[in-house]
**Student:** 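What follows is a single structure, and I will ask about it in a moment.
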Number of protein chains: 2
Amino acid sequence: MAESIPGTARSTRQRGEILTILRETEDFKTAQQLFADLRQQGSKIGLTTVYRNLQALADAGEADTMRLPNGEQLYRLCGQGRHHHHLVCRNCGRTIDIEGPAVEKWTERVADEHGFTDVSHTLEIFGTCATCAAESR
Amino acid sequence: MAESIPGTARSTRQRGEILTILRETEDFKTAQQLFADLRQQGSKIGLTTVYRNLQALADAGEADTMRLPNGEQLYRLCGQGRHHHHLVCRNCGRTIDIEGPAVEKWTERVADEHGFTDVSHTLEIFGTCATCAAESR
DNA sequence: ATGGGTGCAAATAATTTGCAGGTAA
DNA sequence: TTACCTGCAAATTATTTGCACCCAT
């Protein structure tokens with residue numbers, strides 16, 4: 001009944017709960033955060049399940065992931081769009097998708113110039129969003 | 001006698017050993033790797049000390065740090081140059097410094113357009129270097 | 001019925017911290 | 001001498017895995 005994740009066979013209550021929460025926001029969340037949110041709203045889901053489903057979503061390409069400077073991993077349903085990067089508020093976590101065709105080409109070219117193949121890259125921009133900046137004043 | 005790290009008061013044997021190893025390569029190393037290298041060459045240094053000194057180096061701006069896609073933190077003495085990024089071989093860890101003034105400006109502009117302040121960013125390019133590509137053939 | 005899913009508890013792994021003893025200055 | 005440093009052991013934190021049980025199909 002609940003929706004499914006490509007690569008998985010069944011639809012379960014917990015899977016639905018996870019997807020529901022993820023759809024409620026545009027922003028990234030850590031597995032721990034998501035777990036806390038679910039518990040708070042009364043779900044009896046297990047942390048393990050959260051991790052496993054988030055991993056499944058990422059593997060299926062349904063979720064976007066990135067890492068905080070401190071190393072924690074963040075997940076977010078992705079707009080199934082093309083490759084893009086993020087502008088993340090260091091304070092509230094608000095996330096804005098960014099596209100930079102020029103940067104993509106640049107990384108390709110640079111890697112190529114040095115004889116590197118099978119290239120990929122990570123690019124994230126961190127800052128304080130206008131709202132948070134106003135609050136801290 | 002051994003050299004010092006800004007922000008610290010003394011020069012110790014272990015500190016010198018760490019700096020020596022770090023100077024032997026252009027590439028990034030994890031704390032664990034560095035620790036293993038030191039032990040292998042007979043040093044009796046403690047893992048804790050390695051972590052503490054690497055952190056001190058990073059705090060002092062003497063070391064550059066970045067994270068592997070898997071989350072492990074890497075350290076390397078930095079050429080005290082200006083801000084730059086890295087092209088890292090996914091296989092052997094060889095690292096090449098990259099500079100991209102255009103990208104720097106682009107991130108600034110993008111963040112600014114969205115009202116973000118206090119901006120910083122991370123950008124790393126991963127790939128397989130020519131040597132490793134040849135070996136795996 | 002049955003194999004994919006789940007959850008608890010235990011296992012990993014990287015990194016940090018408490019604390020007693022060592023040592024550079 | 002003195003307090004900065006070190007190292008061991010224990011504690012933390014994020015995440016993964018073993019395994020018995022459960023439920024969507």
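Below, chains carry the letters A, B, ... as their sequence lines are ordered, and counting in each starts from 1.
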**Student:** When the axes are fitted on five pairs at both termini, how much does the helix from C:dA1-D:dT25 to C:dA25-D:dT1 curve, in 10° steps?
**Tutor:** 30°

**Student:** Examine D:dG7: is either OP1 or OP2 under 4.0 Å from a nitrogen or oxygen in the side chain of B:T49? Give yes or no.
**Tutor:**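 For D:dG7, OP1 or OP2 has a side-chain N or O of B:T49 closer than 4.0 Å.
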
**Student:** Considering non-hydrogen atoms only, spot the tightest contact between A:V119 and A:A111 and give its length.
**Tutor:**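 Heavy-atom minimum between the residues: CG2-CB, 3.4 Å.
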
**Student:** To the nearest Å, how far apart are B:I18 CD1 and D:dC5 C1'?
**Tutor:**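 Taking atom C1' of D:dC5 as the reference, CD1 of B:I18 is at 11 Å.
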
**Student:** Taking only residues two or more places apart in sequence, or in another chain, which ones meet A:E72 in a salt bridge (Lys or Arg N to Asp or Glu O under 4.0 Å)?
**Tutor:**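 Counting only residues at least two positions away or on another chain, A:E72 forms no salt bridge (Lys or Arg N to Asp or Glu O under 4.0 Å).
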
**Student:** What pairs of residues pass the ring pair (Phe, Tyr, Trp, His ring centres under 6.0 Å) test when at least one of them lies in residues 36-60 of chain A, not counting sequence neighbours?
**Tutor:** none

**Student:** To the side chain of A:Q55, which of D:dT16, C:dG7, D:dG7 is closest?
**Tutor:** D:dT16

**Student:** Calculate the interatomic distance between A:D59 atom CG and C:dG5 atom P; express it in whole Å.
**Tutor:**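 The answer, rounded to whole Å, is 13 Å.
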
**Student:** Would one find a side-chain N or O of B:Q14 under 4.0 angstrom from OP1 or OP2 of D:dG7?
**Tutor:**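 So the side-chain polar atoms of B:Q14 do come within 4.0 Å of the phosphate oxygens OP1 or OP2 of D:dG7, strictly under.
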
**Student:** Could you tell me whether a side-chain N or O of B:D97 sits under 3.5 Å from a main-chain N or O of B:H86, the two making a donor and an acceptor?
**Tutor:** no

**Student:** Taking side chain as C-beta onward, heavy atoms only, is B:I125 less than 4.5 Å from A:F116?
**Tutor:** no

**Student:** With a 4.0 Å heavy-atom cut-off, tell me which residues in residues 32-47 of chain A come close to DNA chain D, sorted by residue number.
**Tutor:** A:Q32, A:L47

**Student:** Report the distance from atom CG of B:L54 to atom C1' of C:dT15, rounded to the nearest whole Å.
**Tutor:** 12 Å

**Student:** Can you tell me how far P of C:dT23 sits from CZ of B:R13, to the nearest Å?
**Tutor:** 9 Å

**Student:** Is a donor-acceptor contact shorter than 3.5 angstrom present between the side chain of A:R52 and the base of C:dG4?
**Tutor:**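 Per atom types, no contact qualifies.
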
**Student:** State whether the distance check finds a donor on one side and an acceptor on the other, under 3.5 Å, for side chain A:T12 versus base D:dC23.
**Tutor:** no

**Student:** Between the base of C:dT23 and the side chain of B:R10, is one N or O donor paired with an acceptor at under 3.5 angstrom?
**Tutor:** yes

**Student:** Which part of the nucleic acid, if any, lies within contact of A:N70, taking any heavy atom under 4.0 Å across all strands shown: a base, the sugar-phosphate backbone alone, or nothing?
**Tutor:**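 No contact.
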
**Student:** Residues in salt bridge (Lys or Arg N to Asp or Glu O under 4.0 Å) with B:R90, at least two apart?
**Tutor:**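 With neighbours one apart ignored, the set is A:D118.
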
**Student:** Residues in ring pair (Phe, Tyr, Trp, His ring centres under 6.0 Å) with B:H121, at least two apart?
**Tutor:**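 Partners of B:H121 under the ring pair (Phe, Tyr, Trp, His ring centres under 6.0 Å) test: B:H83, B:H85.
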
**Student:** Which sits closer to the 5' end of DNA chain D, A:A9 or B:A9, going by the nucleotide each is nearest to?
**Tutor:**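 Comparing both residues, the 5'-ward one is B:A9.
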
**Student:** Excluding sequence neighbours, so at least two apart, what forms side chain to side chain contact (heavy atoms under 4.5 Å, CB included) with B:F35?
**Tutor:** B:R39, B:I45, B:L47, B:V50

**Student:** Round to the nearest Å and state the distance from B:E72 atom CD to C:dA13 atom P.
**Tutor:**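 The distance from CD of B:E72 to P of C:dA13 comes to 11 Å, rounded to the nearest Å.
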
**Student:** So, using side chain to side chain contact (heavy atoms under 4.5 Å, CB included) as the criterion, who are the partners of B:E24 when residues are at least two apart?
**Tutor:** B:T20, B:I21

**Student:** Between D:dT6 and B:N53, is there an OP1 or OP2 to side-chain N/O distance shorter than 4.0 Å?
**Tutor:**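 Yes.
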
**Student:** So what does B:T8 touch, heavy atoms closer than 4.0 Å: a base, only the sugar-phosphate, or nothing?
**Tutor:**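 Sugar-phosphate only.
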
**Student:** According to a strict under-4.0 Å criterion, is B:Y51 in side-chain N/O contact with OP1 or OP2 of C:dT15?
**Tutor:**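 The answer is yes; a side-chain N or O of B:Y51 sits under 4.0 Å from OP1 or OP2.
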
**Student:** It should be established whether A:R15 places a side-chain nitrogen or oxygen under 4.0 Å from OP1 or OP2 of nucleotide C:dT6.
**Tutor:**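 Yes.
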
**Student:** Sequence neighbours left out, what passes salt bridge (Lys or Arg N to Asp or Glu O under 4.0 Å) with B:D37? Give chain and number order.
**Tutor:** B:K29

